[in-house]
Amino acid sequence: MMLRHITVDCADPYELATFWSGVTGWTVSDVDKPGDDEVLVEAPAPVPGLLFVRVPEGKTVKNRIHLDWQPTERGRDGEVERLMALGATLHEDHRAEGGGRGWATLRDPEGNEFCVEREAGSAAAG
């Protein structure tokens, strides 16, 4: 069996997919457009894509699952700044913990939590 998609319920699939496309550098599927009820951000194989599906109810509680990301093109702090410029908000800041090995918990534009960890090869990486 293979994990094909990570699916996120949301109010505006195209808008949220566009945000996550900016986060990841992956493309929004060519067949998807604004107003669609399902929009896919296509990941490079074998990584599962991110599928955003319109639901009528809004997010009301903390996610039971979230994504942890590790920067590959810049340091953790630079990545947090970049993501906030794209529309993420800082939820919890744990970067000073563990001698600087901590992480930052952010929220996407619809309030879904995700974390940004230290970059690989960092002197403080654990």
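In this chain, numbering begins with 1 at the start of the sequence shown.
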### Query
For Thr24 and Val41, what are the C-alpha separation, side-chain angles and deciding distance, and is it a side chain to side chain contact (heavy atoms under 4.5 Å, CB included)?
CA-CA 9 Å; Thr24 61; Val41 176; 4.2 Å; yes
### Straight-line distance of Leu106 CG to Leu86 CG, nearest 0.5 Å
11.0 Å
### Query
Is there a side-chain contact between Lys62 and Glu113, using heavy atoms and a 4.5 Å cut-off?
yes
### Message
Quick check: is Trp26 connected to Val23 through a chain of hydrophobic side chains (ILVMFWY, heavy atoms under 4.5 Å apart)?
### Response
yes
### Message
Taking Glu92 first and then Arg107, would you say they form a salt bridge - that is, a charged N and a carboxylate O separated by under 4.0 Å?
### Response
no
### Task
Please step through side chain to side chain contact (heavy atoms under 4.5 Å, CB included) for the pair Cys10 and Arg54, ending with a clear verdict.
CA-CA 5 Å; Cys10 60; Arg54 185 182 316 278; 5.8 Å; no
### Greater than 12 external heavy atoms within 6.0 Å of Leu3's CG
yes
### Query
Do Phe52 and Val55 belong together in a cluster built from hydrophobic side chains that touch within less than 4.5 Å?
no
### Message
side chain to side chain contact (heavy atoms under 4.5 Å, CB included) for Leu16 and Asn112? Distances and angles first, verdict last.
### Response
CA-CA 10 Å; Leu16 201 54; Asn112 299 298; 3.9 Å; yes
### Query
Would Leu51 end up clustered with Phe19 when hydrophobic side chains under 4.5 Å apart are linked, directly or stepwise?
no
### Task
Please name all residues satisfying ring pair (Phe, Tyr, Trp, His ring centres under 6.0 Å) with His5, sequence neighbours left out, ordered by chain then number.
none
### Message
Please tell me whether Leu40 and Val8 are part of a single hydrophobic cluster in this structure, the criterion being side-chain heavy atoms less than 4.5 Å apart.
### Response
no
#### Entry: Check: Lys33 side chain, Gly35 main-chain N or O, donor-acceptor pair, under 3.5 Å
no
#### Entry: Validation row: Trp69, Leu83 side chains within 4.5 angstrom (heavy atoms)
no
### Query
Is any NZ, NE, NH1 or NH2 atom of the basic residue among Glu119 and Arg76 found under 4.0 Å from an Asp or Glu carboxylate oxygen of the other?
no
### Query
What do the steps show when you test Trp103 against Asp68 for side-chain hydrogen bond (donor to acceptor under 3.5 Å, both in side chains), and what is the final call?
CA-CA 9 Å; Trp103 66 96; Asp68 291 342; over 6 Å; no
### Message
Let me confirm one number: the CG-OG1 distance from Asn63 to Thr105, rounded to the nearest 0.5 Å.
### Response
11.0 Å
### Query
If two hydrophobic side chains count as joined below 4.5 Å and joins carry through other members, does Val28 share a cluster with Val53?
no
### Side chain to side chain, Pro13 and Glu38, heavy atoms closer than 4.5 Å
no
## Note on the structure
Heavy atoms of Ala43 and Pro48 approach each other most closely as CB-O, 3.4 Å
### Query
So, Ser21 side chain and Ala17 main chain: donor-acceptor pair closer than 3.5 Å or not?
no
### Shortest non-hydrogen contact between Asp12 and Glu110, atoms and distance
N-OE2, 3.0 Å
### Message
Determine whether Arg95 and Val80 satisfy the following criterion, side chain to side chain contact (heavy atoms under 4.5 Å, CB included), listing intermediate values before the conclusion.
### Response
CA-CA 11 Å; Arg95 290 180 279 184; Val80 168; 3.9 Å; yes
### Task
Could you tell me which non-hydrogen atom of Asp108 sits nearest to which non-hydrogen atom of Trp20, and how far apart they are?
OD2-NE1, 3.0 Å
